[in-house]
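Next up is a structure, given as C-alpha cells.
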Amino acid sequence: MKNNIYFSNKENFEKIKMNFRANWASKIHFLADFDRTLTKAYIDWMHTPALIWVLREKNILWDKVTIKEKELYSKYRPQEENPNIEINKKKEILHNWWKETFELLIENWLTKNHIKQTIDSWRLIFREWINDFLYITNKYKIPVVIISATAFWIYSLDEYFKKYSKNYNNVKFIWNILKWDNNWKMIWYKEPIIHSFNKDETLVEDFPEIYNKIKNRKNIILLWDSLWDHHMSDWFDYENILKIWFLNEKEDKLMNEYLERYDVVITRDSDMSFINEFLNNILT
Ligand SMILES: [Mg+2]
C-alpha cells in the first residue's frame, strides 16, 4: 500500500521518527477521530454516511423532522466548508447547527428505538489491520483517545468496540453525552457540545480520568481525516508530534493543502498498516 502514502517532508518525518524512538512507548499517546479515520470512508464505492444522515434520509422520525433536518443541512453545511470563514466564527456556526439538531430531536420525541433503527440500517467497517493497531498499542500500554462528534449513540462507541471484540483498556472515548428518560426518550444533552470544529479545545481536560493518562505523554500522534482538524493539539504542551491524515475524497483538489498541514497523508481509503509499521519500527 506504499503508493498510497505521501509525506510532506520525508527528511522531517525521519527526524520525528527518531525522536519518537528515543523516548519509546512511555511518552506516546494517540488522539484519533473515529468516522472515516478508524473506519473506512467507502463501502462498495459508496460514501459511508453519518448516523444523522441515515436518520434523515430513511425518514425514521416524522416527515417534518426530515424536512427541518435538510434545511439545517443546507443552511450550515456550506458555511462549514467555506474556507473564507474564520475558525472562531465556524465554531459558533457548528455549535448552533448541533444545538438546533439536538433541540429538534428532543422536541420531536427521538427515542432509542429510532436510533436503533438508524444503526440497523447503517453500515460501518473498521479499516483493515485495525486489530494489529489495537494489539500493539495495548501491548505497549499506549493510550488511544478517540474523540467523536457523532450526534448520538445508543450503543456508545465503547459498546461498538465491544461488539467487534475491540475493547482494549488503553482505548478511551470522548463523545457527546445525552440523557434519556424511562421511556427511552431523549431529554437532555451536555454542553459544551462536541462538534467537528471544537475537538481541538481543552475538551480532553474535561475528562480528568483520560487527561491524567496522557498529560505526561508528550509525544503525540494524531489520526484524522478532516482538513479542518489541524488545530487539534494546539492546547497540548507536546514535545513531538506526528500528524497522519486520511485523505478520503477530492484527492487532486485537496492533496496540496493536506500536505501543507500534515506530515503523512494516506489516500484511497487504505488500511492501518503504515501506522502499525511506524509503531513496530520505533518500539522494537
Ligand atoms: Mg472523520
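One-based numbering, in listed order, for ligands and for the atoms of each.
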Legend entry - Geometric class of the Trp97/Tyr76 ring pair [parallel <30°, tilted 30-60°, perpendicular >60°]: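 Parallel: the ring planes of Tyr76 and Trp97 meet at under 30°.
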Legend entry - Within the 6.0 Å centroid threshold, strictly below: Tyr262 and Tyr258: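 Yes: the rings meet the under 6.0 Å criterion.
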Legend entry - Non-hydrogen atoms of Asn248 and Arg127 that approach each other most closely: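 Looking at all heavy atoms of both residues, the shortest contact is OD1-NH2, 3.4 Å.
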Inset, instruction - Could you name all protein N, O or S atoms found under 2.8 Å from the Mg ion (ligand 1)? - result: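 Only Asp33 OD2, Asp35 O, Asp225 OD1 fall inside 2.8 Å of the Mg ion (ligand 1).
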Inset, instruction - Answer yes or no: are there more than 12 heavy-atom neighbours, outside Trp188 itself, under 6.0 Å from its atom CH2? - result: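 Atom CH2 in Trp188 is crowded, with more than 12 foreign heavy atoms closer than 6.0 Å.
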Legend entry - Output field: ring centroids Trp175/Phe34 closer than 6.0 Å: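 Not under 6.0 Å, so no.
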Inset, instruction - Give me the ring orientation class for Phe13 and Phe278: parallel if the planes are under 30° apart, tilted from 30 to 60°, perpendicular past 60°. - result: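 Plane angle between 30° and 60°, so tilted.
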